[in-house]
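Everything on this sheet refers to the single structure shown next.
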Amino acid sequence: TFDMLVVGGGPAGAAAAVYAARKGIRTGVVAERFGGQVLDTMAIENFISVQETEGPKFAAALEQHVRAYDVDIINLQRAESLALNKGLVEIKLASGATLRSRSVVLSTGARWREINVPGEQKYRNHGVAYCPHCDGPLFKGKRTAVVGGGNSGVEAAIDLAGIVAHVTLIEFGHELRADAVLQKKLRSLPNVTVITNAQTTEITGDGKKVNGLVYQDRASGAIHSVELEGVFVQIGLVPNTEWLKGTIALSKHGEIEVDARGQTSLPGVFAAGDVTTVPFKQIIIAAGDGAKAALGAFDHLIRSSVT
Ligand code: FAD
C-alpha cells in the first residue's frame, strides 16, 4: 500500500512525486509513458530559469529528479479504473494488477485533437503546431493559419497576429463559435483573414517544412490553397479522463474539477496539471500544480486517522 500514488508521469506527476517523497512517505508513480507530452515537444523556451531546452532532455531530467528519491516508478502501465474501498483508493491497471494507496494524485494530462489530414503528422514540429504560447515566437514575421474558430482558435489568432506577419483563420462551420468579444477583437485586426465554411484537406510542405494549406469551400466545393509557413491546430484539447467517467466530478469538457488545493470530488483523491480545470495548459503551470496537489494530499493524510 502506498501513502501517495501518482497516476501520470508528466511534469505535474513528476513534481507531485518529488514533493511526496520529500515528506518521507511511501510514494509511487504509475505512467503509461513517463515524460508525457514533453516527449513530443521540440524546443522549450518558457520554463523559467531554463532559457532553452529540448522536450526529451526535459523529460529525462524529470525522471532523473524523481529517481533521486525513493519512489516506485511503474512505467508503461495504463490505469483503467479508480474506486474507493475501505478508506483506500484502488487503481486498476490494464495489466490486471491493482494498486492501493491512502491518497492519489491524478495527473494523466491531455492531448491536442488532431485534424487528421495529410501533412499534419509529417510536418508536426516543422510548421504544424498546437500551442501558440509555446511556438508562436517561432513564426515571428511569417505567415500562419489557425484551424478552428472556437474560443481557443480565435484567442490563438489574436495572440499570433501580434507576432506573425499574417494569420488566416479557418473555421469548418458557417460562423465562428468564439465569444462575441473575441470575434470583435479579431475582426479589428488588419493582418487577419477569416474564412468560414471551409474544410482543411491538406497541409503541404517541401519535404522538410510546411509551405501551405489546402481547404475546400464547403458551399461551392472549390479547392483553395494558401501559402504560409505555419499551421496552428486549435480544435480542442482532450483531457485523458475517459477512464474516470462516472467516478469523479468532471467539467463539461471532461476535465477533473479541483479546488484550490487540488482536491477532487472524492476524499483522498487529488488532481493536477492539464487533466484538471486549472486554466492555461503549460509545463510550468502543471509542475506547480503537481507540487500543490501533493501538498494538498499530504495535508489530507496527516488529518486522516488511517495509519
Ligand atoms: P502530460 O504531460 O500530458 O502527462 C500525462 C502523463 O499521464 C503521461 O505520463 C501519460 O503517459 C500519463 N497517462 C495518461 N493517461 C494515463 C492512464 N490512463 N494511466 C496511466 N498514465 C496515464 N508547454 C510549455 O510550457 N512550453 C512548451 O514549449 C510546450 N510545448 C508543447 C509542445 C507540444 C507538441 C505539446 C503537445 C505540448 C506542449 N506544451 C508546452 C504543453 C505541455 O507539454 C503540457 O502543458 C504539460 O506536459 C502538461 O503536463 P501534465 O503532467 O499535466 O500532463
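Note that these values count all heavy atoms, side chains included, but never hydrogens, waters or copies made by symmetry. In listed order, ligands and their atoms are each counted from 1. What you are looking at is a predicted structure, and each value in this text was computed from that prediction instead of being measured.
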Quick one about T193 and H166 (side-chain donor to acceptor, distance below 3.5 Å, no hydrogens or angles considered), yes or no?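 Note: H166 and T193 side chains meet the donor-acceptor criterion.
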Check the side chains of Q183 and E175 for a donor-acceptor pair under 3.5 angstrom, ignoring hydrogens and angles.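 No donor-acceptor contact under 3.5 Å links the two side chains.
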Any idea which protein heavy atom is nearest [atom], and the distance to it?
| atom | answer |
| --- | --- |
| atom 51 (O) of ligand 1 | A12 N, 2.9 Å |
| atom 42 (C) of ligand 1 | I283 CG1, 3.6 Å |
| atom 21 (N) of ligand 1 | E32 N, 3.1 Å |
| atom 16 (C) of ligand 1 | T108 CG2, 3.5 Å |
| atom 10 (C) of ligand 1 | R33 O, 4.0 Å |
| atom 26 (N) of ligand 1 | N46 OD1, 2.8 Å |
| atom 28 (O) of ligand 1 | C134 CB, 3.3 Å |
| atom 19 (N) of ligand 1 | A79 N, 2.8 Å |

Could you tell me which non-hydrogen atom of S101 sits nearest to which non-hydrogen atom of L5, and how far apart they are?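 Minimum heavy-atom contact is OG-N, 3.1 Å.
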Tell me the closest heavy-atom pair linking T241 and G254, and the distance in Å.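 Shortest heavy-atom separation between T241 and G254 comes out as OG1-O, 2.6 Å.
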Hey, could you give me the NZ/CD1 distance between K23 and I302, rounded to the nearest 0.5 Å? 8.0 Å
Could you grab the distance from atom CD of E227 to atom CG of N211, nearest 0.5 Å is fine?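 Reported to 0.5 Å precision, the distance equals 7.5 Å.
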Between F232 and Y130, is the ring centre distance below 6.0 Å?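 So the answer is no for these two rings.
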May I ask you to check whether G9 has an N/O atom sitting below 3.5 Å from an N/O atom of ligand 1? yes
Does an N or O from R124, backbone or side chain, lie closer than 3.5 Å to an N or O of ligand 1? no
Any carboxylate oxygen within less than 4.0 angstrom of a Lys/Arg side-chain nitrogen, looking at R26 and D3?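 Looking at R26 and D3, the cut-off is met.
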Examine R100 relative to F2 and say whether NZ or CZ is less than 6.0 Å from the centre of the six-membered ring and inside a 45° cone about the ring axis. no
Pull out every atom of ligand 1 sitting under 4.0 Å from any heavy atom of [X], numbered as shown with elements.
| X | value |
| --- | --- |
| G8 | 6 (C), 7 (O), 12 (C) |
| D40 | 34 (C) |
| S107 | 5 (C), 6 (C), 7 (O) |
| G273 | 52 (O) |
| A110 | 3 (O) |
| A43 | 28 (O) |
| W243 | 18 (N) |
| A31 | 9 (O), 21 (N) |

Among R124, R33, R111, which one satisfies side-chain hydrogen bond (donor to acceptor under 3.5 Å, both in side chains) with D40?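 Option passing the side-chain hydrogen bond (donor to acceptor under 3.5 Å, both in side chains) with D40: R33.
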Counting heavy atoms only, which part of W112 comes closer than 4.0 Å to ligand 1: side chain, backbone, both or neither?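 For W112, only side-chain atoms sit under 4.0 Å from ligand 1.
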Check whether any side-chain heavy atom of [X] lies under 4.5 Å from a side-chain heavy atom of [Y], and answer yes or no.
| X | Y | result |
| --- | --- | --- |
| I195 | E171 | no |
| L82 | V7 | no |
| V233 | V128 | yes |

Out of E45, Q77, Q37, M42, indicate the one that has the non-hydrogen atom closest to atom 20 (C) of ligand 1. Q77
Of D274, V278, T41, which has the heavy atom at the shortest distance from atom 45 (O) of ligand 1?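 Selected option, by shortest heavy-atom distance: D274.
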Decide whether the shortest distance between a heavy atom of [X] and an atom of ligand 1 is less than 4.0 Å.
| X | value |
| --- | --- |
| P11 | yes |
| V275 | no |
| A14 | no |

In this structure, which one of N151, L186, L182 forms a side chain to side chain contact (heavy atoms under 4.5 Å, CB included) with L176?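 Passing option: L186.
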